[in-house]
Amino acid sequence: MVAITLPDGSVRSYDKPVTGGEVAAEIGPGLAKAAMVVRVDGELWDLDRPIDHDVELAIVTDKDEAAALEVLRHDCAHVLAMAVQELFPGTQITFGPSTDDGFYYDFHREEPFSTEDFEAIEKRMGEIVDRNVPIQREIWSRDEVAAYFKEKGETFKAEWVWELPEGEDITMYRQGDWIDLCRGPHLPTTGRMGKAFKLMKLAGAYWRGDSRNPQLQRIYGTCWRNEKELKAHLMRIEEAEKRDHRKLGREMNLFHLQEEARGSVFWHPKGWELYRTCERYMRMRLEEAGYVEVKTPQLVDRALWERSGHWEKFRDHMFIAEVDESSSASESAEDIVETASASTDGNVHHLALKPMNCPCHVQIFRQGIKSYRELPLRMAEFGSCHRYEPSGALHGLMRVRAFTQDDAHIFCTEDQIESETKIFIDLLSSIYEDFGFEEFVIKFSDRPETRAGSDETWDKAETALKGAALAAGADLIMNPGEGAFYGPKLEFVLRDAIGRDWQCGTLQVDFVLPERLDAEYVGEDGERHRPVMLHRAILGSFERFIGILIENFAGRMPMWLAPVQAVVAPITNDQDGYAEQVAKTLAKAGIRVETDLRNEKINYKIREHSHAKVPAILVVGAREAEDGTVAMRRLGGKDQEIVALQDATDRLRDEALGPFGR
RNA sequence: GCUGCCGUGGCUCAGGGGUAGAGCACCCCCUUGGUAAGGGGGAGGUCGAGAGUUCGAAUCUCUCCGGCAGCACCA
């Protein structure tokens with residue numbers, strides 16, 4: 001007897017194994033037709049897979065969005081692979097999972113694919129859908145699978161089958177004469193998949209994600225339940241492209257990058273204004289939160305990096321300078337370089353541009369004898385760091401080689417970890433809110449396999465960190481085994497206006513560095529103790545955070561962040577004098593204002609400043625000059641409002657101050 | 001770093017073995033116009049760099065550099 005419990009609690013009994021498809025058909029023809037897969041005790045199963053024991057069963061239709069998309073996309077990956085193998089014989093299949101918004105399939109083929117092949121592949125995929133081939137789940141033995149793929153020349157699949165866990169059924173999915181080793185589940189036929197799919201990009205990817213392995217060719221696609229969803233997705237991509245900070249940065253004249261300084265930013269006046277506003281704001285918040293600010297050297301002798309352990313681990317990613325101290329100052333720079341590189345004596349020193357600030361902060365902590373009374377000591381630095389990032393990793397402001405962290409290290413006792421964590425999370429969420437991010441999640445990463453420190457220390461650190469995070473009332477997503485080697489960490493991920501996630505903040509507990517660099521304080525008991533270091537950042541780096549701000553606001557910054565907060569535009573040159581006077585009044589109130597006295601029509605000026613995303617345009621004509629008013633037009637609005645100059649000033653001032661005005 | 005694609009005025013792009021094109025931006029002139037492009041004129045490029053093929057290369061080939069996408073990396 002097989003008893004099937006349905007979601008409404010009703011139970012159906014069968015005297016022999018039954019399939020999900022059969023159950024659906026019994027309930028009704030409409031459901032049978034809509035059924036995609038079934039959920040059996042929480043696991044997705046194919047409709048034709050026999051159920052031979054008592055289970056809870058739910059029929060999954062496309063109303064169950066997450067499950068439906070998962071299955072659809074996985075099917076789509078198979079159809080892609082089948083189409084590719086039909087069109088390009090000799091291509092080997094490997095893996096093809098679903099992703100957040102689609103799927104991909106990794107192929108091995110000597111000749112590279114081209115995006116020009118996409119049209120033909122999509123067409124063939126459509127044909128496979130039209131063929132409406134049944135998709136069948138089959139259980140094979142490991143040897144059979146290996147022999148099958150070996151015979152077909154599918155070396156990757158033949159190799160992979162041996163990696164599958166013992167004791168699990170090995171399933172093959174057959175659609176027509178094409179078979180793939182796959183866990184499933186899949187739709188009953190290729191026709192059920194529909195045609196709301198599109199191939200998107202082509203890229204290289206390493207076999208099993210390891211750069212030591214051969215590289216495969218990955219074809220990305222997207223797939224949805226219907227045309228409408230597909231179209232909406234393509235619109236979202238377009239929207240994200242419009243927000244690209246590299247494009248907006250150029251259009252708004254904020255910054256540029258050029259090859260003579262790869263990975264470093266040339267900030268233009270308006271971009272730097274934005275940067276400085278962020279910095280000024282952060283400095284204000286940190287001061288309020290009891291931090292002290294420091295500044296530490298850019299170039300630091302190798303010896304310190306050796307002690308901290310960075311030299312050994314990250315040497316290849318550090319910018320190293322070599323100097324020969326025996327060279328006299330009178331020699332030309334060229335000579336010094338030559339002498340240094342040719343020199344083998346002991347006068348050559350290696351200095352590294354700091355890739356992080358913590359070892360330097362410990363040096364400051366170590367000056368003089370510290371008392372427990374001074375803890376927690378919160379030491380902040382807007383630390384300029386350099387890291388030699390791999391060329392392929394560079395990306396606009398988001399990933400650079402020279403950046404400035406809003407870094408701080410909190411030297412404290414183990415007992416203070418929890419309260420400091422709580423205080424930090426409160427500060428961070430208040431700051432994110434000021435920048436317009438309401439939503440963020442916290443990821444908790446605990447002990448990795450290779451780590452420093454005793455289990456007791458880890459227990460204590462993890463408990464304190466986790467407890468404090470939970471106390472702050474945020475979602476906590478577990479990230480097991482992903483902690484730093486020196487301690488557990490929290491990662492703060494904020495969600496932007498179009499739903500993208502960005503990891504910005506971090507809080508890491510570190511017992512190792514104070515030990516390595518010999519930081520200590522005198523406790524209440526008169527003995528020397530090791531402090532704990534909390535590494536923490538809120539924005540992460542100013543460069544990246546500004547990139548995120550630009551994309552989040554699509555360039556339309558809230559007034560307090562906007563580099564130019566208002567433009568005064570006279571209608572004719574007769575009002576130039578009044579315009580200057582208005583600008584002067586606003587500037588006196590602390591508003592970043594410009595005048596536009598060019599000999600252009602007002603339409604033209606409005607259009608241009610709107611494109612430049614200036615939050616407020618104040619138009620002044622003869623009437624305004626006469627009455628002492630301004631016609632104020634806000635970015636995004638269609639109308640203007642005539643207000644007395646004093647009112648306009650007051651209103652704009654409040655908004656322009658933003659968090660500074662609190 | 002790896003794979004693929006791409007490099008033509010400031011920007012967006014067309015062209016393509018026979019001495020470089022458009023629109024916008026820029027400069028000058030006319031126009032002083034009430035809420036998203038007024039009109040006219042002008043200037044601006046050794047077509048990413050180097051080598052090769054050719055009578056002739058921006059165009060074809062190779063090498064390098066850079067950009068983009070993904071992968072790998074991210075203390």
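Here is how names work: the chains are called A, B, and so on, in the same order as the sequence lines, proteins then strands, and each is numbered from 1. Heavy-atom basis, side chains included; hydrogens, waters and symmetry copies ignored.
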Show me the donor-acceptor pairs, under 3.5 Å and distance only, between side chains in residues 314-321 of chain A and residues at least two apart or in other chains.
from	atom 1	to	atom 2	distance (Å)
A/H317	ND1	A/Y388	O	3.3

Inset, instruction - Could you measure between the two C1' atoms, the one in B/C11 and the one in B/C28, and give it in whole Å? - result: 22 Å
Legend entry - Below 4.0 Å: OP1/OP2 of B/G66 and any side-chain N or O of A/R262: yes
Inset, instruction - Would you mind telling me which residue lines up with the more 5' stretch of RNA chain B, A/E116 or A/K605, judged by nearest nucleotide? - result: A/E116
Inset, instruction - Give a yes/no answer on whether the side chain of A/R607 brings an N or O atom under 4.0 Å of OP1 or OP2 in B/G38. - result: no
Inset, instruction - Decide if atom CG of A/D100 counts as having more than 12 heavy atoms of other residues, nucleotides or ligands within a radius under 6.0 Å. - result: no
Inset, instruction - Can you tell me, in whole Å, how much space there is between the C1' of B/A43 and that of B/C2? - result: 45 Å
Side-chain polar contacts of residues 391-403 of chain A - donor-acceptor pairs under 3.5 angstrom, sequence neighbours left out - could you list them?
from	atom 1	to	atom 2	distance (Å)
A/R399	NH2	A/E389	OE1	2.9
A/R401	NE	A/E389	O	3.0
A/R401	NH2	A/E389	O	2.8

Legend entry - P atoms of B/A20 and B/C24, separation to the nearest Å: 23 Å
Inset, instruction - Assign A/Y486 to base, sugar-phosphate, or nothing according to its heavy-atom contacts below 4.0 angstrom with the strands shown. - result: sugar-phosphate
Inset, instruction - Specify the separation, in whole Å, of atom CD of A/E600 and atom C1' of B/G40. - result: 14 Å
Legend entry - Euclidean distance for P, B/U12 against B/A69 (whole angstrom): 14 Å
Inset, instruction - For the side chain of A/R250, starting at C-beta, report the closest nucleotide among B/C68, B/C11, B/G33. - result: B/C11
Inset, instruction - Counting heavy atoms from C-beta on, name the nucleotide in B/A72, B/A69, B/G34 closest to the side chain of A/K201. - result: B/A69
Inset, instruction - Ignoring hydrogens and angles, tell me if any N or O in the side chain of A/R387 forms a donor-acceptor pair with the backbone of A/P355 under 3.5 Å. - result: yes
Inset, instruction - Give A/R246 one of three labels, base, sugar-phosphate or nothing, depending on what nucleic acid heavy atoms sit under 4.0 Å from its own. - result: sugar-phosphate
Legend entry - Between B/G4 (P) and A/M200 (CE): distance, integer Å: 22 Å
Legend entry - Nearest-angstrom distance from the residue atom CZ of A/R218 to P of B/G70: 11 Å
Inset, instruction - For A/A484, report the nucleic acid contact type (base, sugar-phosphate, nothing); a contact means any heavy atom under 4.0 Å. - result: nothing
Inset, instruction - Indicate, yes or no, whether a donor-acceptor pair under 3.5 Å links the base of B/G66 to the side chain of A/E260. - result: no
Inset, instruction - May I ask you to check whether A/E306 and A/S308 show a side-chain donor-acceptor distance below 3.5 Å? - result: no
Legend entry - Integer-rounded Å distance: B/G33 C1' and A/K601 NZ: 5 Å
Inset, instruction - Figure out the CD/C1' separation between A/E491 and B/C74, and round it to whole Å. - result: 11 Å
Inset, instruction - Pick base, sugar-phosphate or nothing for A/T572, based on heavy-atom distances below 4.0 Å to the nucleic acid. - result: base
Legend entry - Closest listed nucleotide, where the reference is the side chain of A/E259 and the choices are B/G66, B/C2, B/A37: B/G66
Legend entry - Contact under 4.0 Å: A/H395 side-chain N or O vs B/A69 OP1/OP2: yes
Legend entry - From B/G1, B/C26, B/A36, nucleotide with atom closest to A/Y604 side chain: B/C26
Inset, instruction - Would you tell me if any nitrogen or oxygen in the side chain of A/R401 comes within less than 4.0 Å of OP1 or OP2 on B/C74? - result: no
Legend entry - Phosphate OP1/OP2 of B/C73 contacted by A/R387 side-chain N/O (<4.0 Å): no
Legend entry - Residue A/Q215, side-chain atoms from C-beta onward, closest of B/G34, B/G70, B/A36: B/G70
Inset, instruction - May I ask you to evaluate whether A/Y220 reaches the phosphate of B/U3, defined as a side-chain N or O under 4.0 Å from OP1 or OP2? - result: no
Legend entry - Same-atom distance (P) from B/G9 to B/C13, integer angstrom: 12 Å
Legend entry - Protein-nucleotide distance (A/H409, atom NE2; B/A75, atom P), rounded to Å: 13 Å
Legend entry - Base-paired stems that RNA chain B participates in, counting runs of 3 or more Watson-Crick or G-U pairs under 3.5 Å: B:1-7 with B:65-71, B:10-13 with B:21-24, B:26-30 with B:38-42, B:48-52 with B:60-64
Inset, instruction - Give one of base, sugar-phosphate or nothing for A/H609, where a contact means two heavy atoms less than 4.0 Å apart. - result: nothing
Legend entry - Atom P, compared across B/G34 and B/G21: separation rounded to whole Å: 40 Å
Inset, instruction - Would you kindly give the CZ-to-C1' distance between A/F266 and B/G10, to the nearest whole Å? - result: 16 Å
Inset, instruction - Kindly check if the number of other-residue, nucleotide or ligand heavy atoms within 6.0 Å of CD (A/E626) is above 12? - result: no
Inset, instruction - With the side chain of A/Y206 defined as its heavy atoms from C-beta on, choose the nearest nucleotide among B/G4, B/A75, B/C2. - result: B/C2
Legend entry - Donor-acceptor contact below 3.5 Å, side chain A/Q565 vs main chain A/R592: yes
Inset, instruction - May I ask you to check whether over 12 heavy atoms, not counting those of A/E312, lie within 6.0 Å of atom CD? - result: no
Inset, instruction - Please work out if A/P112 contacts a base, only the sugar-phosphate, or nothing of the nucleic acid, heavy-atom cut-off 4.0 Å. - result: sugar-phosphate
Inset, instruction - Mark yes or no for a side-chain to base donor-acceptor pair under 3.5 Å between A/N573 and B/U32, with no hydrogen or angle criteria applied. - result: yes
Legend entry - Options B/A75, B/U35, B/A72, nucleotide nearest the side-chain atoms of A/M318: B/A75
Inset, instruction - Just call it for A/Q575: base, sugar-phosphate, or nothing, with non-hydrogen atoms closer than 4.0 Å on any strand. - result: nothing
Legend entry - Any donor-acceptor N/O pair under 3.5 Å between B/G1 base and A/Y388 side chain: no
Legend entry - Comparing A/P570 and A/R598 on RNA chain B - which has the more 5′ nearest nucleotide: A/R598
Inset, instruction - State whether A/S391 places a side-chain N or O below 4.0 Å from either non-bridging phosphate oxygen (OP1 or OP2) of B/G1. - result: yes
Inset, instruction - Please work out if A/A569 contacts a base, only the sugar-phosphate, or nothing of the nucleic acid, heavy-atom cut-off 4.0 Å. - result: nothing
Legend entry - Side-chain N or O of A/R399 closer than 4.0 Å to phosphate OP1/OP2 of B/C73: no
Inset, instruction - Could you work out which one of B/A36, B/G34, B/C71 sits closest to the side chain of A/V619? - result: B/G34
Inset, instruction - Check every strand shown and say whether A/G209 touches a base, only sugar-phosphate, or nothing at a heavy-atom separation below 4.0 Å. - result: sugar-phosphate
Legend entry - Flag, side chain of A/Q217 to backbone of A/R109, donor-acceptor distance under 3.5 Å: yes
Inset, instruction - Write down the distance separating the C1' atoms in B/G7 and B/A37, rounded off to the nearest Å. - result: 31 Å
Legend entry - Gap in Å between the two P atoms, one belonging to B/G67 and one to B/C30, rounded: 46 Å
Inset, instruction - Tell me, yes or no, whether the heavy-atom count around A/E111 atom CD, taken from other residues, nucleotides or ligands under 6.0 Å, exceeds 12. - result: no
Legend entry - Main-chain N/O of A/F255 paired with A/K270 side-chain donor or acceptor, under 3.5 Å: no
Inset, instruction - Take atom CD of A/Q217 and atom C1' of B/A72, then tell me their distance rounded to the nearest Å. - result: 17 Å
Inset, instruction - State whether a side-chain donor-acceptor pair under 3.5 Å links A/D210 with A/N213. - result: no
